[in-house]
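These notes concern the structure reproduced below.
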Amino acid sequence: MEKWILIDGNSIAFRAFYALPLLTNASGLHTNAVFGFTTMLLKLLEEEQPTHMLVAFDAGKITFRHEGYSEYKGGRQKTPSELSEQFPLIKELLQAFGISQFELSGYEADDIIGTLTRMADEQGAEVLVVSGDKDMLQLASDQVTVAITRKGVGDVDRYSPALIHERYGLAPLQIIDLKGLMGDTSDNIPGIPGVGEKTALKLLHEYGSVEGVLEHVADLKGKMKEKVEQHKDDAIMSKKLATIFREVPLDRGTSEMAYGGYDRPTLAGALRKLEFKSLLERLDLTGEGTGSTVAAAELNVVSVAAHDEDALSALAAGLRSVESVYVEVIGENPHQSETIAVALATADVIFVVPMAELQASALGFVREWLADADMEKAGFDLHRTELSLAWHGIALKGISFDIQLAAYLLDPTDSTQSISGLCGKYGLPTVQADESVYGKGAKFKLPEAGVLHGHIASKTDAVRSIAAIQREELEKTGMHKLYYDLEQPLSRVLAGMELQGIRCDASVIEQLGAELESRISDIMTKVYTLAGMEFNINSPRQLGEVLFEKLGLPVIKKTKTGYSTDADVLEKLEPYHEIIPSILLFRQLAKLQSTYVEGLLKEIRPNTGKIHTYYRQTIAATGRLSSQYPNLQNIPIRLEEGRQIRKAFVPSEPGWFMLAADYSQIELRVLAHISGDEGLKEAFVQDLDIHTKTASDVFGVRPEDVDANMRRQAKAVNFGIVYGISDFGLSNNLNITRKEAAQFIEQYFAAFQGVRRYMDNIVAQARTDGYVTTLLERRRYLPEIKASNFNIRSFAERTAMNTPIQGTAADIIKLAMVRMDEQLRARGLRSRMLLQVHDELVFEVPADELELMKELVPQVMESAIKLDVPLKADVSFGDNWYEAK
DNA sequence: AGTGTCACG
DNA sequence: ACGTACGTGACACTC
């Protein structure tokens, strides 16, 4: 027998949208309703095994129901844009599933479904109607079951006529009468005022229908009688509106709804586009490409072996016209990675040279080509590649284009950075994802050479296609200068710093570790005594139990899993129990011990005593760098105990010095420049203490009358301004009321009206353009600036205010780094740039260059770019990083 | 793998 | 009414 599934597309999309948190894919599209829709479809397909399937949609705003009642569905909230933008995606998805869909102007989805259920009754098919709307219950019959979603979309109640009778004591068609009496606020159907579900059911059990009730109006009493008499016409009209129309002129046969299953590559493509990775995996579609295997098979791949003279001569000839380079690097940390093979794409051949072959003397000409700065190379993640090859004794120079770096500039918030992901993003034939070829985690395994080389070749091939698209995009978006003159040159500077490494004296750290160990052990004993029991202080859960259950301290804040025990909470608990300071101290020392003593010791290379961090150039949405393995951008400084760690960072040559230079107030100077605020600019021109100046303006006192507390509060306001201020955030930070915070902000904006204008303008601009930019035209897209959800929108607004400031500061120090590197080379200096910490550069300097570098470094930093206010860099030096303060 | 916490700018 | 300050990475714990 035929089994039909008929889905009310609009209703299910609505339910899914409100049931799931807002998901966004890399391009900023919302996908939560699509996701919910998809999971529901999969569940239905699996559980029901339908022979026919159709999703009906409402079409147009005006239906025949408006003819008799123009207010139908009036007063309804507009569909949020986050949902409406998902309907095209749902329709595409249905196509990929091979599920038919239907809409007809002037009719709603339930009318289409109603018409089809009538036909099913006539044809003897079994039907499951799926909707979130209980009106649909009127369609239930012996053959038609109506599934209504319950709590989201995963779960449904299946209504047969028997169940409807059990729940409501009504026949399916009486559902119409029910609604005629009680109305429906969401559709603006009036019904009879004062009649809810309970009263309506009582009336229907007594009189059977709306007409029955109206006939027996004389039997009613009091207010009820009055209401029914008064709203007789409303009830009749409401019933009419609630009646599903079952005679829609469908212009197609039911055979077109036949469901024959989905095409795996097509569905895989659609799910990949939506970034539904979990579903791809669940359906085992991860390896299913849209022609990737075909693409790989069509490529002319030559695996080069040192003894294969034909291949070698072809490769030698090919080196003159290499279009892209790809090196397969395995491992997260490029300083401790494995390079598998180097691949080069020429117009007609892709050469894959396994690492062992590349090391052979016969391949010396390839190594020379790689090291030749005049041979330009376009590739993927060449910063990582340069490091990995360097550790294997092979130099890589002449990097001219990197598709990962370009992708980052084109959209820094897009997390797809793999070649396979970029193919999908730019609409190119997909290559297989690494994960599907290699597996992941413990299952990671390289396949046999044929498959491996084919995969590497397909990626090398893709690189050139992606590069061609991106070069154009960089021009179009005005980011070509930023790319070619700044980011690409910087990549090489970073690699130099990373390979150089920074010397770290293990004995200093070990000494510190020993002291910490004994202090931690003492403090643990004290905490256990005060708590009256032993427990794991490092476990937020156990600590929460001890503090809030055993000791009965007041709960200040909760996390989604339990009690919050962060430093903010603990500070508020200090007056209640003497255990609190000990816990705070334990936390502080434990952090130092685990992250900075044990963590850093693990990163010191035993043979050189150096630490090599890896700067990530494609992570931070604002344009900043980040640092990994280890992170050298968060070495303690604020508290003296932690600051001691810096004593371990020393010059790598005897008699040299550490020299550090940091920008003074770079973000506020940038703000002064881009906002054009006269007062702020003047403050920097005069090189005033900016927090004192702010306090004096905000509190309306003379600068010499600003006390420490006023300055502290002004400093917090300045931070807030840079972060995209809100009264809530400031009040939290200063522990004052929101009202007071709002007052501070208002006073600030009154004093710095140019800043207020900037903040207003940048948000408006983000709304118009969909993105904000830095001084060097770096972009960040902010699709959420148009969100209807207050929180999401507010977050985007703060980001719009902050990103041009933080991002311009990042642009500036990057410029300084490239210039500094040029200067060191041009002047033939031995001094080396080692670290960047957002507004600070750290060098190691021979004694005889110290005086020069003390002048040169700040000079280069201050002249990196010309702003309307001066830039200022402070320089210091010493025997270690601690002393260079 | 996700959460909480905390180090830095 | 809504309920967060911006940007990162590493560690320990928990499931």
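Numbered from 1 within each chain, the chains take letters A, B, ... in sequence-line order.
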Worksheet item: Contact class for A/Val722 (heavy atom, under 4.0 Å): base, sugar-phosphate, or nothing?
Response: nothing

Discussion item. Take a 6.0 Å sphere around CD of A/Glu517 and say whether it holds more than 12 heavy atoms from other residues, nucleotides or ligands.
Written reply: no

Discussion item. Considering every strand and a 4.0 Å limit on heavy-atom distances, what is the contact class for A/Gln542: base, sugar-phosphate, or nothing?
Written reply: sugar-phosphate

Item to complete: Would you mind checking if A/Glu667 and A/Arg624 are paired as a salt bridge, meaning a charged N to carboxylate O distance below 4.0 Å?
Response: yes

Practice prompt. Return the nearest nucleotide to the side chain of A/Pro540; candidates are C/dA5, B/dC8, B/dG4.
Written response: B/dG4

Discussion item. Can you see if the side chain of A/Thr559 gets near the phosphate of B/dG4 - specifically, an N or O under 4.0 Å from OP1 or OP2?
Written reply: yes

Worksheet item: Are A/Arg503 and A/Glu844 within salt-bridge range, i.e. N to O under 4.0 Å?
Response: no

Worksheet item: What nucleic acid atoms does A/Arg780 come within less than 4.0 Å of, heavy atoms only: base, sugar-phosphate, or nothing?
Response: sugar-phosphate

Worksheet item: When you look at NZ of A/Lys647, are more than 12 heavy atoms from neighbouring residues, nucleotides or ligands closer to it than 6.0 Å?
Response: yes

Worksheet item: Does a distance-only test, which skips hydrogens and angles, find a donor-acceptor pair under 3.5 Å between the side chain of A/Gln806 and the base of C/dC6?
Response: yes

Worksheet item: What's the CG-P distance between A/Asn733 and C/dC6, to the nearest Å?
Response: 12 Å

Worksheet item: At under 4.0 Å between heavy atoms, what does A/Ala810 touch on the DNA or RNA strands: base, sugar-phosphate, or nothing?
Response: nothing

Worksheet entry | Geometric class of the A/His335/A/Tyr614 ring pair [parallel <30°, tilted 30-60°, perpendicular >60°] | perpendicular

Discussion item. Can you see if the side chain of A/Ser626 gets near the phosphate of C/dG9 - specifically, an N or O under 4.0 Å from OP1 or OP2?
Written reply: yes

Worksheet item: Does A/Arg587 have a side-chain nitrogen or oxygen under 4.0 Å from the phosphate oxygens OP1 or OP2 of B/dC6?
Response: yes

Discussion item. On the nucleotide C/dC2, are OP1 or OP2 found under 4.0 Å from the side-chain N or O atoms that A/Ser794 carries?
Written reply: no

Worksheet item: Reckon A/Gly724 touches a base, only the sugar-phosphate, or nothing at all at heavy-atom distances under 4.0 Å?
Response: nothing

Worksheet entry | Of the listed nucleotides B/dG4, C/dA5, B/dC6, the one nearest the side chain of A/Lys560 | B/dG4

Worksheet item: What integer distance in Å separates A/Leu592:CG from B/dT5:P?
Response: 18 Å

Discussion item. Which nucleotide, if any, forms a Watson-Crick or G-U wobble pair with C/dA1, using both distances under 3.5 Å?
Written reply: none

Discussion item. With a 4.0 Å limit, can you tell me whether A/Thr565 has a side-chain N or O closer than that to the phosphate oxygens OP1/OP2 of B/dG4?
Written reply: no

Worksheet entry | Whole-Å distance separating the CG atom of A/Asp568 from the C1' atom of B/dA7 | 16 Å

Worksheet item: A/Ile637 near the nucleic acid: base, sugar-phosphate alone, or nothing, with a heavy-atom cut-off under 4.0 Å?
Response: sugar-phosphate

Worksheet item: NA contact type, A/Ala716, heavy-atom cut-off 4.0 Å: base, sugar-phosphate, or nothing?
Response: base

Practice prompt. Please determine, for the side chain of A/Arg738, which listed nucleotide (B/dA7, C/dG3, B/dC6) has the closest atom?
Written response: C/dG3

Fill in: Atom pair distance, as rounded to whole Å: CG in A/Asn802 and P in C/dT4
18 Å

Worksheet item: Are the ring centres of A/Phe744 and A/Tyr748 closer than 6.0 Å?
Response: no

Worksheet item: Should A/Arg798 be listed as having a side-chain N or O under 4.0 Å from OP1 or OP2 of C/dC6?
Response: yes

Worksheet, complete the sentence: Per nearest nucleotide of DNA chain C, the residue lying toward the 5' end, A/Phe728 or A/Thr799, is A/Phe728

Worksheet item: Distance under 6.0 Å and angle within 45° of the ring axis: does A/Arg779 meet both against A/Tyr771?
Response: yes

Worksheet item: Could you give the CD1-to-P distance, from A/Ile812 to B/dG9, as a whole number of Å?
Response: 18 Å

Worksheet item: Just to confirm, is there a sub-4.0 Å distance from OP1 or OP2 of B/dC6 to any side-chain nitrogen or oxygen of A/Arg638?
Response: no

Worksheet item: To the side chain of A/Tyr723, which of C/dG3, C/dC6, B/dA7 is closest?
Response: C/dC6

Worksheet item: Between A/Arg519 and A/Asp522, does at least one N-O distance fall below 4.0 Å, as a salt bridge requires?
Response: no

Worksheet entry | Pairwise P distance, B/dA7 and C/dT4 [rounded to whole Å] | 22 Å

Worksheet item: Given atom NZ of A/Lys885 and atom P of B/dC8, what is their separation to the nearest angstrom?
Response: 15 Å

Practice prompt. Apply side-chain contact (heavy atoms from CB on, under 4.5 Å) to A/Ile865 and A/Leu775, showing your working.
Written response: CA-CA 10 Å; A/Ile865 198 168; A/Leu775 209 56; 3.8 Å; yes

Item to complete: Report the distance from atom CD of A/Glu571 to atom P of B/dT5, rounded to the nearest whole Å.
Response: 13 Å

Worksheet, complete the sentence: Rounded to whole Å, the CD-P distance (A/Glu667 to C/dT8) equals 13 Å

Worksheet item: A/Phe795 near the nucleic acid: base, sugar-phosphate alone, or nothing, with a heavy-atom cut-off under 4.0 Å?
Response: sugar-phosphate

Practice prompt. Answer yes or no: does a side-chain N or O of A/Thr561 lie under 4.0 Å from OP1 or OP2 of B/dG4?
Written response: yes

Discussion item. Over all strands shown, is A/Asn732 touching base, sugar-phosphate only, or nothing at heavy-atom distances under 4.0 angstrom?
Written reply: nothing

Worksheet item: Does a side-chain N or O from A/Arg624 land closer than 4.0 Å to OP1 or OP2 of C/dC6, or not?
Response: no

Discussion item. Side chains of A/Ser388 and A/Ser337 only: does a donor on one sit below 3.5 Å from an acceptor on the other?
Written reply: yes

Identify each atom pair where a protein N or O and an N or O of nucleotides 10-12 of chain C are less than 3.5 Å apart, giving names and distance.
unit_1, atom_1, unit_2, atom_2, d
C/dA10, OP1, A/Tyr629, N, 2.9

